[in-house]
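Nothing fancy with the numbering, it's 1 onward along the sequence. Computed from a prediction, not measured in an experiment: that's the story for all the values here.
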Amino acid sequence: TPVVGLKENNFYITEEKFPVTNLKFEGSGNNNTKADIVLVIDQNASNSQFAEGINAAVQEIAKSMKGQGTLTLISAGNLPVIEYQGNPIGCEKFSVTKLKNTSEKNKSLDISLRLAGNTLLKGGEEKKAIVFITTGITNETAFSRYSLQDVTSFLKYNRIGFQIINLDKTSNDSSLSYLTTKLSGKSWYVFRPEGLKDVYKTIIEKKLGTYRLSFDSVLPTNFGRAYLPLETEIYVLNRSGREETG
């Protein structure tokens with residue numbers, strides 16, 4: 001459960017039990033107003049029947065980001081391919097005909113989601129999310145290399161959100177419903193009357209309990225070879241937590 005709204009006086013940081021110097025509160029991830037997003041396109045749906053829906057989904061998400069953050073596009077074939085990565089403006093006129101992935105239809109969705117997650121871990125924004133564009137149906141080998149539980153834990157541990165844009169009005173199958181439930185996500189129909197601008201809004205409004213602090217260390221580094229013990233205590237009203245690292 002994320003704890004938001006903390007300030008500098010909620011933190012007590014020490015090195016080898018001695019208070020650090022020049023402690024500065026650099027900010028909270030919860031205050032970020034932009035995010036890094038990976039759009040994963042279900043290769044099973046990349047045919048003429050769903051082309052209009054895929055185009056609309058990518059274009060709307062790209063426009064809703066207003067040129068902020070990084071947008072990555074992955075086609076989730078049997079061998080997932082990063083089709084685009086950069087400023088969202090580059091996908092505002094996206095067409096499914098530009099996809100380069102000609103591999104088999106995706107039998108292993110788990111590989112695509114892991115690739116999407118690893119891509120987000122290299123990004124600069126603290127708010128991160130995968131948006132899966134799909135017909136809502138997976139196959140029996142979708143999670144053959146990494147189990148559904150493993151993929152869910154990987155995304156949850158790394159605070160990566162998960163949203164689904166459904167190209168069909170039918171409900172998602174049990175695997176996709178499990179992902180959205182466990183990751184507090186939601187399924188959006190691509191041609192909903194309100195459009196898809198709320199998808200990005202939901203990602204931005206997600207509570208994120210991460211904080212950035214800096215300080216000057218007084219410990220000798222031995223030219224970078226010494227291990228520098230670090231202790232952090234957080235106080236909120238009548239509760240406190242403590243962790244040690246280095």
Side-chain angles (χ1 to χ4, degrees), residues 1-38 65-72 74 80 82 84-88 110-130 145-147 149-162 182-184 200 203-246:
T1 303
V3 177
V4 299
L6 301 184
K7 303 297 181 182
E8 182 175 336
N9 57 6
N10 294 112
F11 294 87
Y12 182 63
I13 298 180
T14 57
E15 292 180 304
E16 290 188 329
K17 309 301 185 294
F18 292 99
V20 299
T21 61
N22 199 25
L23 178 65
K24 293 181 181 179
F25 183 85
E26 303 287 354
S28 167
N30 193 60
N31 296 331
N32 277 27
T33 57
K34 52 186 177 179
D36 289 334
I37 294 178
V38 175
M65 295 176 71
K66 298 179 179 179
Q68 296 184 319
T70 300
L71 179 64
T72 303
I74 292 178
I82 297 179
Y84 175 84
Q85 188 171 46
N87 193 298
D110 50 356
I111 300 175
S112 299
L113 295 182
R114 288 283 303 203
L115 174 61
N118 286 327
T119 300
L120 285 168
L121 293 181
K122 300 174 185 177
E125 302 302 329
E126 295 195 46
K127 291 187 177 179
K128 315 172 191 293
I130 295 172
R145 180 170 297 187
Y146 302 102
S147 72
Q149 291 75 20
D150 286 342
V151 172
T152 304
S153 297
F154 168 70
L155 298 180
K156 189 171 184 177
Y157 178 81
N158 289 293
R159 302 184 297 276
I160 297 174
F162 184 79
K182 294 296 183 181
L183 298 172
S184 301
Y200 186 64
I203 293 170
I204 290 299
E205 291 179 347
K206 180 183 178 182
K207 301 299 182 185
L208 189 63
T210 59
Y211 300 86
R212 296 183 303 275
L213 298 101
S214 65
F215 63 91
D216 294 333
S217 177
V218 296
L219 297 179
T221 67
N222 192 20
F223 302 99
R225 292 189 293 266
Y227 182 80
L228 308 182
L230 180 69
E231 305 88 33
T232 305
E233 294 185 51
I234 299 94
Y235 299 89
V236 185
L237 299 178
N238 60 342
R239 295 180 297 165
S240 65
R242 177 182 171 86
E243 186 58 86
E244 296 184 6
T245 182

Distance-minimising heavy-atom pair for [X] and [Y]:
X: Tyr200; Y: Ile37; result: CD1-CD1, 3.4 Å
X: Ser112; Y: Pro80; result: OG-CB, 3.5 Å
X: Ala129; Y: Ile160; result: CA-CG2, 4.2 Å
X: Ile130; Y: Gly117; result: CD1-N, 4.0 Å
X: Pro2; Y: Lys207; result: CG-O, 3.7 Å
X: Pro220; Y: Ala226; result: O-CB, 3.7 Å

Step-by-step side chain to side chain contact (heavy atoms under 4.5 Å, CB included) determination, Phe11 to Glu233: CA-CA 6 Å; Phe11 294 87; Glu233 294 185 51; over 6 Å; no
Any donor-acceptor N or O pair under 3.5 Å, side chains Thr232, Glu243: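 Side chains of Thr232 and Glu243: no pair found under 3.5 Å.
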Backbone N/O of [Y] and side chain of [X]: donor-acceptor pair under 3.5 Å:
X: Lys127; Y: Ile204; answer: yes
X: Asn158; Y: Leu155; answer: no
X: Thr14; Y: Glu16; answer: no
X: Glu244; Y: Pro229; answer: no
X: Tyr146; Y: Gln149; answer: no
X: Asn30; Y: Thr210; answer: no

Whether over 12 other heavy atoms sit under 6.0 Å from Arg145 CZ: no
Residues, nucleotides or ligands: over 12 heavy atoms within 6.0 Å of Arg242 CZ: yes
Evaluation steps, side chain to side chain contact (heavy atoms under 4.5 Å, CB included), between Ile74 and Leu115: CA-CA 9 Å; Ile74 292 178; Leu115 174 61; 3.8 Å; yes
Hey, are the side chains of [X] and [Y] touching, using non-hydrogen atoms and a 4.5 Å cut-off?
X: Thr70; Y: Asn87; answer: no
X: Leu208; Y: Val4; answer: no
X: Thr21; Y: Val218; answer: yes
X: Tyr211; Y: Leu6; answer: yes
X: Lys24; Y: Leu213; answer: no
X: Phe162; Y: Leu113; answer: yes

Spacing of [X] atom [atom1] and [Y] atom [atom2] [to the nearest 0.5 Å]:
X: Met65; Y: Asp36; atom1: CE; atom2: CG; result: 6.5 Å
X: Gln68; Y: Glu125; atom1: CD; atom2: CD; result: 8.5 Å
X: Thr72; Y: Lys122; atom1: OG1; atom2: NZ; result: 10.5 Å
X: Leu120; Y: Lys128; atom1: CG; atom2: NZ; result: 6.5 Å

Evaluation steps, side chain to side chain contact (heavy atoms under 4.5 Å, CB included), between Phe154 and Asp150: CA-CA 6 Å; Phe154 168 70; Asp150 286 342; over 6 Å; no
Criterion side chain to side chain contact (heavy atoms under 4.5 Å, CB included) on Lys156 and Lys182, from CA distance to verdict: CA-CA 8 Å; Lys156 189 171 184 177; Lys182 294 296 183 181; 5.8 Å; no
Selection residues 214-228 - residue pairs positive for side chain to side chain donor-acceptor pair (under 3.5 Å), sequence neighbours left out: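 Found Glu15-Ser217, Asn22-Asp216, Glu26-Ser214.
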Ring-ring centroid check Tyr235 Tyr12, cutoff 6.0 Å: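 Centroid separation for Tyr235 and Tyr12: 6.0 Å or greater.
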